[in-house]
Amino acid sequence: MIADNDPMGHAIADYHATGKAARLRVFSPMFDEDEIPVKTLFRPLDEMPAIEQDALKACRGSILDVGAGAGCHSLALQAMGQQVTAIDISPLAVATMRERGVNDAREQDFFTLDGRFDTILMLMNGIGIVGSLSRMDAFFDQVDKLLAPGGQLLCDSSDICYIYEDEDGFIDLTAVDGYYGEVTYRMQYKKIKGESFPWLFVDAETLAEHARRHAFKADIIARGPHYDYLARITRR
Ligand code: SAH
């Protein structure tokens, strides 16, 4: 990824350098304009949502932090004495992680990574990088390649069916074209505009069904307060 196209990387680098950042704006045809508070990308362990803390406690062996951002989970794991490899496609995020003390931070796309890990961690709706259900085959092929025997993948996501809820509380998904959790985002930080990218929110049942098709299973090990959940994916 080149810096001109990397609003989140610039936001992370600015916040790291100065302790503050401008607005990291998020656009999607499906939602009103939103923003990611850049500070949350630097959250310490005690400010992480409970399902993220649960995920960190469940980590063991050699750990891969996928889409590690500013490195909050990698740093928390290192402080617990764990061994972590952090990857991100943003060079600015990777440079920031190294400066913050992440021992093994690499500029690397998950889908082309080689290696073997006991735990693969994908947090903050980390499985979103799969982009669409049509890429689940490629995703599970890659998980199969990267996961050591007996290994686990821990990821969180949300069932975003609630965005289709009407005033009476009914959720009607029949009118939605394709899978309702497939979203397109674009980000902007100051004048830096990123390209639009697909992002997947997957409900627990659909994730479990795709895992089964690929000789894996997905167990829900924790639930959050708003349709969010933590899943553990292992080989069957
Ligand atoms: N996990 C971090 C950051 C989440 S933002 C946290 O919880 O705070 C998602 C991150 O994933 C971004 O930094 C983005 O650059 C990275 N990313 C997106 N696609 C990726 C891919 N294919 N491989 C590795 N990282 C990716």
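Only this structure's heavy atoms are used, side chains among them; waters, hydrogens and symmetry mates stay out. Atoms within a ligand are numbered from 1 in the order they appear, just like the ligands themselves.
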salt_bridge(Glu33, Arg25) N-O dist < 4.0 Å: yes

Can you tell me which residue pairs pass the side-chain hydrogen bond (donor to acceptor under 3.5 Å, both in side chains) test with a partner in residues 161-172, sequence neighbours excluded? Asp172-Thr174

Please list every donor-acceptor pair under 3.5 Å in which a side-chain atom of residues 218-226 meets a protein atom from a residue at least two apart or in another chain.
unit_1	atom_1	unit_2	atom_2	d
Asp219	OD2	Lys217	NZ	2.9

Salt-bridge criterion met for Arg235 and Asp144 (N-O under 4.0 Å): yes

Using the side chain to side chain donor-acceptor pair (under 3.5 Å) criterion, which residues pair with Thr206? Sequence neighbours excluded. Asp203

Identify all N/O pairs between ligand 1 and the protein with a separation under 3.5 Å and present them as a table of atom names and distances.
unit_1	atom_1	unit_2	atom_2	d
ligand 1	1 (N)	Gly67	O	2.8
ligand 1	1 (N)	Leu123	O	3.4
ligand 1	7 (O)	Arg43	NH2	2.7
ligand 1	8 (O)	Arg43	NH1	3.0
ligand 1	8 (O)	Arg43	NH2	3.4
ligand 1	13 (O)	Asp88	OD1	3.3
ligand 1	13 (O)	Asp88	OD2	2.7
ligand 1	15 (O)	Asp88	OD1	2.6
ligand 1	22 (N)	Asp109	OD1	3.0
ligand 1	23 (N)	Phe110	N	3.0

Less than 4.0 angstrom from a charged side-chain N to a carboxylate O is my criterion; do Asp88 and Arg106 meet it? no

